[in-house]
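The next block holds one structure in the form of structure tokens; read it before the comments.
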Amino acid sequence: MIQEKTIIAPAHISKTNTPVIEIKELYKSFGNNEVLKGVTFSVNKGENLVVLGKSGSGKSIAIKCLVGLVVADKGEINVFGTDITKIDTNELNEIRVRIGFLFQNAALYDSMSVRENLGFTLKRHAKDLSAEEVENQIKEVLESVGLSEVIDKMPSELSGGMRKRIGLARTLILKPEIVLYDEPTTGLDTITSREISELLLEIQKKNKTSSIIITHDMACAKHTADRLVILKDGVIHAEGTYKELEKSDDEWVRSFFI
Amino acid sequence: MNNIVIAKKESIIIYLKETFNDVGNITLFSIRFFKEVIRSPYEIKEFIKQCYVIGYKSLPLVTITGFIMGLVLTLQSRPTLAKFGAESWLPSMVALSLIREIAPVITALICAGKVSSGIGAELGSMKVTEQIDAMEVSAINPYKYLVVTRVLATTLMIPLLVIYADGIGIIGGYVGINIHSDVNLYRYLSQVLESITFLDIFPATLKTFFFGFFIGMIGCYKGFNAVNGTESVGKAANSAVVTASLTIFIIDMLAVQITDLFF
């Protein structure tokens, strides 16, 4: 049985009302385990949407469906007005170039240096760039995440926070219009988490990106969210701003903010 | 007692199902290779890097094993041939055994251990740490970058390593012969070359391309399909060696039958 949604506030707190992502009635199961049971939400242009929920509630699966890493069983996923469930790999790749994805553990390529990690994607998508231009863009994006000095280091030589920043730099090098963050502050100390949260906001302001941020870190959610949705039992249970949800009548929703 | 029999039957059925499932999936994975290999973009740099890693870096191991193969084969065969007064056939026998069977199979098995497990572990680790997913969301085809380059490299490098092992094995044979008698190198090599024909070299070399293809393909398949964390990386590497070694023997058996029919 699908639980009734407790919509606490409508989705018009966003910066513009043009949705860049619209997920409608999304279903996904793995064997007998139904993870998503009709998830519906949207992200407007320039908006930061934070997705909360217990571990295993399907938050990561939802954003993986958005980039075609996980194939949804049923439902509509409109990104930039195109339903990605109905397109082929080439068309999907054209959309993927416009989306950045920061993985939970940054997923840096172990066998490549930081320079190679950043250049790997850029060289394959901006073939008209000269070697010098590629180098300049790598340096520029490293500077934007405050890590110019690690350009020749290998991922194994970097700390957790540095890896996240380099992962973010790699995500930003193609100047995406949407950025998806899968637990950007998990495993980091409070200060580094705060720095990463500030960096996310800075990037959003600078590049005017729209973002979905999956997190358990309420400080990060408070700092970055324009709007929050909370997943429970495979559906969106609550939706609203941080302040609205914090004062929710629903005890379960409030428990996230304690 | 009945329960034990039923349980055993069930476990055999499950094992067979998994095996057939694996065979089917490896076949589909291999078919994808032929589709992707002809499509641009071509990852030339990565291909050359893999040739270096798979071919050049395997040279020390292949040199040692190739030399020992030739030496031991000579030392072990010598007493039997001496019994029949056919000691003079030793260079021909060693060269033919090495080129037709021993060097291709042993070199391929060594590469299954070194290369296939390496690829399985590397790609398995990339899979569980989401590096392969990261490539995919960046609109880069991970199959093309990781699988096509590695399979092409093994398909090309294994035959070259086998030819190299043939040569080193023949040198090992020369050393083996000279432990007990004094044979001139020129005479030894003349006898070796006289005994070898094109039909000895061609089928033996041809099968090594298949060895190379499956060594790479199985390693990539196992790595690409690693799931459930770091434990599966070890499993992928182990399973790659076992499956690749078994496949080498099956290909060898088929190759010998086909050679027997046509050559």
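These figures come from a predicted structure and were not determined experimentally. Proteins come first, then strands; the chains are lettered A, B, ... in the order of their sequence lines, and each starts at number 1.
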Interchain contact, A:Leu108 with chain B, by part (heavy-atom threshold 4.5 Å): backbone
Separation of B:Glu46 CD from A:Phe120 CZ (nearest 0.5 Å): 7.5 Å
Euclidean distance, B:Ser138 OG relative to A:Asn93 CG, rounded to 0.5 Å: 10.0 Å
More than 12 heavy atoms of other groups within 6.0 Å of A:Phe30 CZ: yes
B:Glu231, CD: over 12 other non-hydrogen atoms inside 6.0 angstrom: no
Option that, when pairs with chain A are counted at under 4.5 Å, heavy atom only, ranks first among B:Asp133, B:Thr129, B:Ile132: B:Asp133
Enclosure of A:Phe80 CZ (heavy-atom neighbours >12, cutoff 6.0 Å): yes
Greater than 12 external heavy atoms within 6.0 Å of A:Glu149's CD: yes
Test item: side-chain donor near acceptor, A:Asp110 and B:Gln131, under 3.5 Å: yes
Within-4.5 Å side-chain heavy-atom neighbours: A:His125 and B:Ile140: yes
Rounded distance [0.5 Å steps], OG in A:Ser60 versus CD in B:Glu130: 8.0 Å
Side-chain ion pair, A:Arg124 and B:Glu43, N-O less than 4.0 Å: yes
Residue among A:Thr121, A:Leu92, A:Leu174, A:Val67 with most heavy-atom pairs under 4.5 Å to chain B: A:Thr121
Minimum-distance pair of heavy atoms, taken over all atoms of B:Ala134 and A:Phe103: CA-CE1, 3.4 Å
Within 6.0 angstrom of B:Phe249 CZ, more than 12 heavy atoms from elsewhere: no
Residue B:Phe210 excluded, over 12 heavy atoms near CZ under 6.0 Å: no
B:Lys114 atom NZ, over 12 foreign heavy atoms within 6.0 Å: yes
Proximity of B:Tyr145 and A:Tyr109 rings by center, below 6.0 Å: no
Minimum heavy-atom distance between A:Arg96 and B:Ala139, given as atom pair plus value: CB-CB, 4.1 Å
